[in-house]
Amino acid sequence: SLVVLASSSSSAVAEPGVETADLKKLVKSRLPGGFAAQTIIGTGRRKCAIARVVLQEGTGKIIINYRDAKEYLQGNPLWLQYVKTPLVTLGYESSYDVFVKAHGGGLSGQAQAVSLGIARALLKVSDSHRAPLKQEGLLTRDSRVVERKKPGLRKARKRPQYSKR
């Protein structure tokens with residue numbers, strides 16, 4: 001039984017690697033000349049995260065950093081919702097494929113950066129998309145970032161306890 005266990009675990013480990021390689025090939029074949037050479041592209045930023053987003057006519061695949069969006073965002077429904085909101089707002093959830101390169105920050109910031117990137121890319125598709133996207137507040141760069149720590153304080157504003165004597 002030990003042998004069976006070992007073989008099953010090794011195959012389970014090998015499969016995601018193979019899938020990533022397949023997705024890498026898919027992205028390379030779909031985006032000749034790399035990300036920067038595409039026509040419908042949008043950049044989204046949030047906190048420290050930056051996402052470069054490419055839209056293409058397709059079936060609604062979302063690929064972030066050569067991984068499926070659901071896998072990359074750890075299946076978190078809120079983060080997946082952030083990513084899909086701009087497409088759902090315009091009713092395009094199954095007519096565009098989304099390819100993303102994201103770096104910096106955490107997964108939550110990256111998801112929101114992707115959202116802004118998709119919204120900006122949709123503006124390049126047609127200018128008539130501006131009104132509904134703006135209505136949903138999807139074109140606004142969320143400028144809130146972490147406040148810096150100050151000397152003499154524990155965090156940005158948290159002070160050590162005051163003692164009178």
Side-chain angles (χ1 to χ4, degrees), residues 1-130 132-133 136-142 145:
S1 68
L2 282 174
V3 175
V4 173
L5 236 172
S7 68
S8 68
S9 69
S10 67
S11 67
V13 170
E15 277 162 11
V18 169
E19 199 177 67
T20 305
D22 287 350
L23 281 178
K24 224 169 198 156
K25 277 189 189 128
L26 173 82
V27 173
K28 290 262 194 293
S29 66
R30 291 287 299 275
L31 306 179
F35 271 69
Q38 307 310 309
T39 49
I40 308 175
I41 193 165
T43 308
R45 294 186 183 86
R46 170 78 173 96
K47 295 186 185 179
C48 289
I50 300 173
R52 286 175 294 162
V53 180
V54 172
L55 289 186
Q56 269 192 357
E57 302 283 328
T59 56
K61 271 201 224 44
I62 301 178
I63 295 174
I64 307 179
N65 290 356
Y66 305 111
R67 286 158 66 187
D68 182 56
K70 194 163 189 176
E71 185 211 335
Y72 186 78
L73 297 173
Q74 301 174 353
N76 185 315
L78 182 63
W79 297 342
L80 283 164
Q81 185 195 324
Y82 284 141
V83 169
K84 289 178 178 154
T85 310
L87 292 169
V88 173
T89 304
L90 298 172
Y92 286 148
E93 54 266 50
S94 56
S95 51
Y96 280 103
D97 285 347
V98 182
F99 301 101
V100 185
K101 266 190 182 171
H103 66 274
L107 290 178
S108 169
Q110 285 186 1
Q112 291 173 49
V114 170
S115 172
L116 179 60
I118 293 174
R120 285 181 171 172
L122 283 165
L123 287 187
K124 292 196 177 164
V125 177
S126 158
D127 231 21
S128 62
H129 295 154
R130 184 175 285 277
L133 288 171
E136 293 291 317
L138 295 168
L139 295 174
T140 309
R141 153 71 154 107
D142 191 341
V145 291

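Worth saying up front: this structure is predicted, and the values here are computed from it rather than measured. Only this structure's heavy atoms are used, side chains among them; waters, hydrogens and symmetry mates stay out.
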Any side-chain heavy-atom pair of [X] and [Y] under 4.5 Å:
X      : Y      : result
Val98  : Val54  : no
Tyr72  : Leu107 : yes
Arg141 : Arg45  : yes
Tyr96  : Gln56  : no
Cys48  : Val145 : no
Tyr66  : Lys28  : yes
Lys70  : Ile62  : no
Val100 : Arg52  : no

Any side-chain to backbone donor/acceptor pair from [X] onto [Y]? Under 3.5 Å, distance only.
X      : Y      : result
Gln112 : Trp79  : no
Asp142 : Arg46  : no
Asp97  : Gly60  : yes
Asn76  : Leu78  : yes
Glu136 : Pro132 : no

task = Quick one: do Thr59 and Ser94 satisfy side-chain contact (heavy atoms from CB on, under 4.5 Å)? Show the steps, please.
result = CA-CA 5 Å; Thr59 56; Ser94 56; over 6 Å; no

query = Is atom CZ of Arg130 surrounded by more than 12 heavy atoms (other residues, nucleotides or ligands) closer than 6.0 Å?
reply =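 No, the 6.0 Å shell around CZ holds no more than 12 heavy atoms from other groups.
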
ask   = Would Leu122 and Tyr92 count as a side-chain contact (heavy atoms from CB on, under 4.5 Å) if you check the C-alpha gap in whole Å, the side-chain angles of each, and the deciding distance to 0.1 Å?
value = CA-CA 10 Å; Leu122 283 165; Tyr92 286 148; 3.9 Å; yes

Test applied, side-chain contact (heavy atoms from CB on, under 4.5 Å); reference residue, Phe99; option that passes from Leu55, Ile63, Ile41, Leu23 =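 One option only clears the test, and that one is Ile63.
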
request  = Evaluate the criterion side-chain contact (heavy atoms from CB on, under 4.5 Å) for residue pair Leu26 and Lys61; output intermediate values, then yes/no.
outcome  = CA-CA 11 Å; Leu26 173 82; Lys61 271 201 224 44; 4.0 Å; yes

